[in-house]
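Counting begins at 1 with the first residue of the sequence. In each ligand, atom 1 is the first atom listed, and ligand 1 is the first ligand listed.
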Amino acid sequence: MQRVKAIYPGSFDPPTNGHLDLIERGSKIFDELVVAVLGNPEKDPLFSVPDRRKMLESLTAEFDNVSVDTFDGLTVEYASRVGAHALLRGIRAISDYEYELQMALMNRKLQPRLETVFMMPAERYSYVSSRLVREVAQLGGSIDCLVPPLVAQKLREKIDVAHKFAADEAARSNKSTAERKTRSRKRKS
Ligand code: PNS
C-alpha cells in the first residue's frame with residue numbers, strides 16, 4: 001500500500017499548544033508529516049524563520065514520522081516538490097472555516113491531486129492562536145497554558161529584549177533632550 005505523506009504548512013509565529021496537538025493527531029494518521037514553516041515576507045514576524053524551525057524541531061523530536069522544513073512561494077508547489085499527497089490544516093471554530101475552505105478550494109484548483117485534510121485540535125485549544133499569544137505575551141499576560149514551556153521561555157526572552165531596547169531608546173532620547181536644553185540655557189545666559 002502507498003505510504004501517505006502530508007505537509008502541515010503555516011506561519012507558526014510562534015508554535016502553540018494547538019499546533020502541537022494537531023501535529024500529534026496528524027502523526028497518527030499519516031505515514032509521514034512535514035511541518036512546513038512559511039517564510040512570509042509580507043508579515044512582520046516576531047520570530048525569524050530559523051528560530052521557528054528550531055523550536056518546532058525540538059517540540060516534535062519525539063515523533064519519529066514528523067520532520068520540519070521551511071518554504072517560500074506557493075504551498076501546492078512545495079507539496080509537489082516534496083512528494084506530498086495531503087495538506088493538513090486545523091479548524092478551531094466556524095470562524096476558521098470560511099478562510100480555510102477558500103484556501104482548500106484554491107489549492108485544489110492549483111493542484112487537483114493534493115487533498116486538504118482538516119482536523120480539529122482539542123477543545124481546550126479552540127481559542128488559541130499565534131496572534132493572540134503574541135499580543136498577550138507582549139502586554140505581560142500569562143501564556144503558560146497556551147504554548148509549550150520552550151516557546152513561553154523564548155517569548156519571555158524576546159519581549160525582555162524588546163522592553164530593554166525601548167527603555168534604552170527612551171533613556172537616550174531623554175538624555176539628548178536634557179543636553180539640548182542645557183546648551184540652549186547656556187547660550188541664553
Ligand atoms: O498559519 P497560517 O498563517 O494560517 O498559514 C497560512 C498558510 C501558510 C498556509 C498560507 O498563507 C499559504 O499557504 N501561504 C503560501 C502561499 C500560497 O500558497 N498562497 C495561496 C494559498 S490558497
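Comparing Glu77, His19, Met103 against atom 10 (C) of ligand 1, the shortest heavy-atom distance belongs to Met103.
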Worked check of side chain to side chain contact (heavy atoms under 4.5 Å, CB included) between Val34 and Tyr8: CA-CA 6 Å; Val34 183; Tyr8 176 28; over 6 Å; no

Tyr127 vs Arg92, side chain to side chain contact (heavy atoms under 4.5 Å, CB included): CA-CA, chis, key distance, verdict: CA-CA 7 Å; Tyr127 62 95; Arg92 291 162 297 190; over 6 Å; no

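For atom 20 (C) of ligand 1, the closest heavy atom belonging to the protein is Leu74 CD2, 4.1 Å. Ranking the protein heavy atoms by distance from atom 8 (C) of ligand 1 puts Leu38 CD2, 3.6 Å first. Closest protein heavy atom to atom 2 (P) of ligand 1: Ser11 OG, 3.6 Å. In this structure, atom 18 (O) of ligand 1 lies nearest to the protein heavy atom Thr75 N, 2.9 Å. The protein heavy-atom contact nearest to atom 11 (O) of ligand 1 is Tyr99 OH, 4.1 Å.
By the 4.0 Å N-to-carboxylate-O rule, Asp21 lies close enough to Arg25 to be salt-bridged with it. Under 4.0 Å is where a charged nitrogen must lie from a carboxylate oxygen, and between Asp31 and Lys5 no such pair does.
If you run side chain to side chain contact (heavy atoms under 4.5 Å, CB included) between Val133 and each of Leu46, Val151, Leu146, only Leu146 comes through.
Counting atoms of ligand 1 from 1 in the listed order, those under 4.0 Å from a heavy atom of Met106 are 22 (S). Remark: ligand 1 atoms within the under-4.0 Å shell around heavy atoms of Gly73 are 15 (C), 16 (C).
Among all heavy-atom pairs drawn from Pro14 and Leu155, the shortest one is CG-CD1, 4.2 Å.
Between the side chains of Asp69 and Tyr78, at least one donor-acceptor pair of N or O atoms lies under 3.5 Å.
Distances shorter than 4.0 angstrom occur between a heavy atom of Arg89 and an atom of ligand 1.
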